[in-house]
Amino acid sequence: MTKYIFVTGGVVSGIGKGIASASLGRLLRNRGYTVAPVKLDPYINVDAGTMNPFQHGEVFVTDDGTESDLDLGHYERFLDVSCSSGSSVTTGKVYRSVIEAERRGDYLGATVQVIPHVTNEIKRLIIDAGVQQEADVVLAEIGGTVGDIESLPFMEAIRQLRKDLGKENTLFVHVTLIPTVGPWHEIKTKPTQHSVIKLREIGISPDMLVCRTEVPLPDDVREKLSMFCDVPEQAIVESMNAETIYEVPLVYEKSGIGEFVVERLELEARPSNLGEWELLVERLKRPQYACTVAVVGKYTSNGDAYKSIAEALVHAGIPNDCKVNIKWIESSEFEEAADPVSLLEGADGVVVAPGFGGRGIEGKIRALRHVRESGIPFFGICLGLQMAVIEYARNVCGLEGADSEEFSSESPYPVIHIMPEQLGIDAKGGTMRLGSYPCNITAGSLAAELYGSTRIDERHRHRYEVNNDFRELLIENGLVVSGVSPDYRLVEMVELPSHPFFVATQAHPEFKSRPNRPHPLFQGLVKAALKRKAKLLA
Ligand code: GLN
């Protein structure tokens, strides 16, 4: 019998519900249980692909090309699983299939309503996620905060699932904030009490509370929470900010909550294998070295917009015994600065990040010229590869005005152009080259050395590609095409052997990096950055 954990949020959003859920999942993974994560997002967008990263943070991409909320990234990193379309359920997706069913006449003349038609579809998708992934436990997190109008059908669906599946097979976890107020930093449980009352109005009583707090919770506070919220004290998790997010599962395990969940769901008690995780947290907390990597991008003012890149850099520090500090640089700053080079001061390595639209592009190209000419380790991701190719075409191949068709339709040298299969597609949702594609790597290249393989798979999300009319010219001028699609049609990776470390990929390798399996390209960048730093200091 599959077990179901439902995570809801209370008091305010943005308190790390995703990390809390992923950490709970990790406790079960450590016991050898398979966990299928599902994110239930109450917004009406069918997927996150059309959402602005400034507002919503990164669009995460799975192997099967689903464009999802960034929480799926936390799940993949904490649980070391690959999510798929079934792991992401939005109101838009639910309504789309209900309306399609109605148009087909599947409801046989019934009046189609939120209850039962919409709620049944939500229940079906939750159950399906477990079946598809043959999971012991489905971990379903509802986005937003209890009391939101949008999330009501999801709340009603999980309430019904408790009735359908039984108490021993379902667990309601509520993640709340315990603030402190006033000059004496008094701990306040009232917002949590109200949040639980709000949940009860919907018919849900939490079995467990995860309390985000800045101070340890004294016994009297735990007693009070237990009494008012009707939750055993043992099931109240004090969740303070940890030194690194990857420490959160260890903190939870220490509190005994892993055992509580196993007992409560009547799962077989198994030893918890923390070894690998403890080791990586230990190494993360006490690195011997440090370096700074500048990430040049368009959405740097929202810390979540490049979440997976930031995490991949953290992971890459682990095998290098190095703390990686990130210096975020807004690409348009390079356009405005009188001396753009000074912006990169203190950076031991540079990532040019993915992005869409023309703002800040000339700035990125300016930064790239300096990076290429001065030997600063460089790693270009998706748009970063396209920028590297444009810079090379303009400043090395002499193609003045070389550009991407995304930014200029009048360039005499469109070295980056729209993929032929994208021509004529006007809709924006899900029309890109999305998901995992294979790539052949040239033997003997830096990419082959880093990957330790000549055949790899990476995830993609782009409309434009290197224009093959210019491929030979770029190669003649020294740019090495080290990765191509198996049919040789698409340029997937480029590098510069004359440079200490200059690699760019059309893919998004950041999505596949895990703390226990750091991505080789990010590892290579950090290693090169450390080398450069040591050389400059010598
Ligand atoms: N805007 C570029 C394209 O569509 C790059 C996309 C990206 O960086 N993900 O091809």
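Keep in mind that the numbers below use all heavy atoms, side chains included, and drop hydrogens, waters and symmetry copies. First listed ligand is number 1; within each ligand, the first listed atom is number 1.
Between His315 and Tyr246, the gap from one ring centroid to the other is short of 6.0 Å.
With sequence neighbours excluded, the residues that form a side-chain contact (heavy atoms from CB on, under 4.5 Å) with Pro414 are Glu405, Asn467, Phe470. Residues passing the side-chain contact (heavy atoms from CB on, under 4.5 Å) test with Ser84 are Asp64, Ser87, Gln132, Gln133, sequence neighbours excluded.
Side-chain contact of Arg77 with Ser513: a donor-acceptor pair under 3.5 Å is absent, judged by distance alone.
Using a 4.0 Å heavy-atom criterion, the residues that approach ligand 1 are Pro354, Gly355, Phe356, Cys382, Leu383, Gln386, Glu406, Arg461, His462, Arg463, Tyr464, His508.
Side-chain atoms of Lys17 do not come within 3.5 Å of backbone N or O of Thr145 as any donor-acceptor pair.
Within the structure, the side chain to side chain donor-acceptor pair (under 3.5 Å) test picks out no pair touching residues 342-354 (sequence neighbours left out).
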